[in-house]
Amino acid sequence: MPIEYYLILSSVLFSIGVLGVMIRRNAIVVLMCIELMLNAINLLLVAFSTYLGDGHGQVFVFFIMVVAAAEATIGLSILVLIYRNTKGVDIHQLDHLKH
């Protein structure tokens, strides 16, 4: 399969993730969109790694997956605490944390 297909698919997935982060108000959906963006990058790294015959891209994918798992764990635990205190996970309600 040509690498252009992977580029297009990765671009579409990343764009959907960016739109989700910018448009949605639910913090859980925002975390899922961030995961979608990280997976789009992973897809691109694996595609280029396979295309070039070099394994460095797959090592980067491993590190990105570790960071994504840590982000999901910490993010969800923070959201659980916020939900217990505010009974909601709306991002715009979190502006109260600034004061």
Side-chain angles (χ1 to χ4, degrees):
M1 186 178 297
I3 196 163
E4 290 85 12
Y5 294 156
Y6 294 108
L7 290 171
I8 292 169
L9 178 63
S10 178
S11 300
V12 169
L13 289 174
F14 193 83
S15 299
I16 291 171
V18 168
L19 283 175
V21 168
M22 293 175 60
I23 293 174
R24 299 302 300 243
R25 295 173 47 175
N26 189 334
I28 295 173
V29 175
V30 170
L31 281 177
M32 290 187 330
C33 290
I34 291 171
E35 294 289 329
L36 187 62
M37 287 190 290
L38 290 173
N39 284 327
I41 298 298
N42 284 342
L43 176 66
L44 198 61
L45 284 172
V46 169
F48 273 112
S49 177
T50 304
Y51 180 73
L52 297 174
D54 189 17
H56 290 103
Q58 295 175 6
V59 174
F60 284 127
V61 168
F62 176 73
F63 286 117
I64 289 174
M65 289 173 70
V66 169
V67 169
E71 174 257 335
T73 303
I74 293 171
L76 287 176
S77 62
I78 290 172
L79 287 178
V80 167
L81 288 176
I82 289 172
Y83 180 77
R84 285 182 183 171
N85 291 326
T86 63
K87 301 298 179 200
V89 288
D90 188 5
I91 290 179
H92 297 292
Q93 290 178 347
L94 300 179
D95 288 340
H96 301 295
L97 295 175
K98 292 180 182 177
H99 307 290

Would [X] end up clustered with [Y] when hydrophobic side chains under 4.5 Å apart are linked, directly or stepwise?
X: Leu36; Y: Leu79; value: no
X: Met65; Y: Phe62; value: no
X: Tyr6; Y: Ile16; value: yes
X: Val80; Y: Ile28; value: no

Inset, instruction - Identify which one of Leu45, Thr50, Asn42 satisfies the side-chain contact (heavy atoms from CB on, under 4.5 Å) criterion when paired with Gln58. - result: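 Single pass found, and it is Thr50.
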Legend entry - The single option from Val21, Ile82, Asn26, Val30 passing side-chain contact (heavy atoms from CB on, under 4.5 Å) against Ile91: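 It is Val30, the one option of Val21, Ile82, Asn26, Val30 that forms the side-chain contact (heavy atoms from CB on, under 4.5 Å) with Ile91.
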Which pair of heavy atoms, one from [X] and one from [Y], lies closest together, and at what distance?
X: Ala40; Y: Ser10; result: O-OG, 2.8 Å
X: Glu35; Y: Ala72; result: OE2-CB, 3.9 Å
X: Gly17; Y: Cys33; result: O-CB, 3.4 Å

Measuring from [X]:[atom1] to [Y]:[atom2], what's the distance to the nearest 0.5 Å?
X: Leu38; Y: Ile64; atom1: CG; atom2: CD1; value: 6.5 Å
X: Leu44; Y: Tyr51; atom1: CG; atom2: OH; value: 13.0 Å
X: Ile41; Y: Leu13; atom1: CD1; atom2: CG; value: 10.0 Å

Inset, instruction - Apply side-chain contact (heavy atoms from CB on, under 4.5 Å) to Leu31 and Leu76, showing your working. - result: CA-CA 8 Å; Leu31 281 177; Leu76 287 176; 4.0 Å; yes
Legend entry - side-chain contact (heavy atoms from CB on, under 4.5 Å) between Ile78 and Leu81, intermediate numbers included: CA-CA 5 Å; Ile78 290 172; Leu81 288 176; 5.8 Å; no
Legend entry - Ile74 backbone acceptor or donor facing Ser77 side chain under 3.5 Å: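 Answer holds: yes.
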Inset, instruction - Return the set of residues passing side chain to side chain contact (heavy atoms under 4.5 Å, CB included) with Tyr5 (not counting sequence neighbours), or none when no residue passes. - result: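 Residues passing side chain to side chain contact (heavy atoms under 4.5 Å, CB included) with Tyr5: Met1, Pro2.
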Legend entry - Contacts of type side chain to side chain contact (heavy atoms under 4.5 Å, CB included), residue Val18, not counting sequence neighbours: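 Result, side chain to side chain contact (heavy atoms under 4.5 Å, CB included) vs Val18: Phe14, Met22, Met37.
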Legend entry - Residues that Arg25 engages under side-chain hydrogen bond (donor to acceptor under 3.5 Å, both in side chains), provided they are two or more places apart: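 With neighbours one apart ignored, the set is Asp90.
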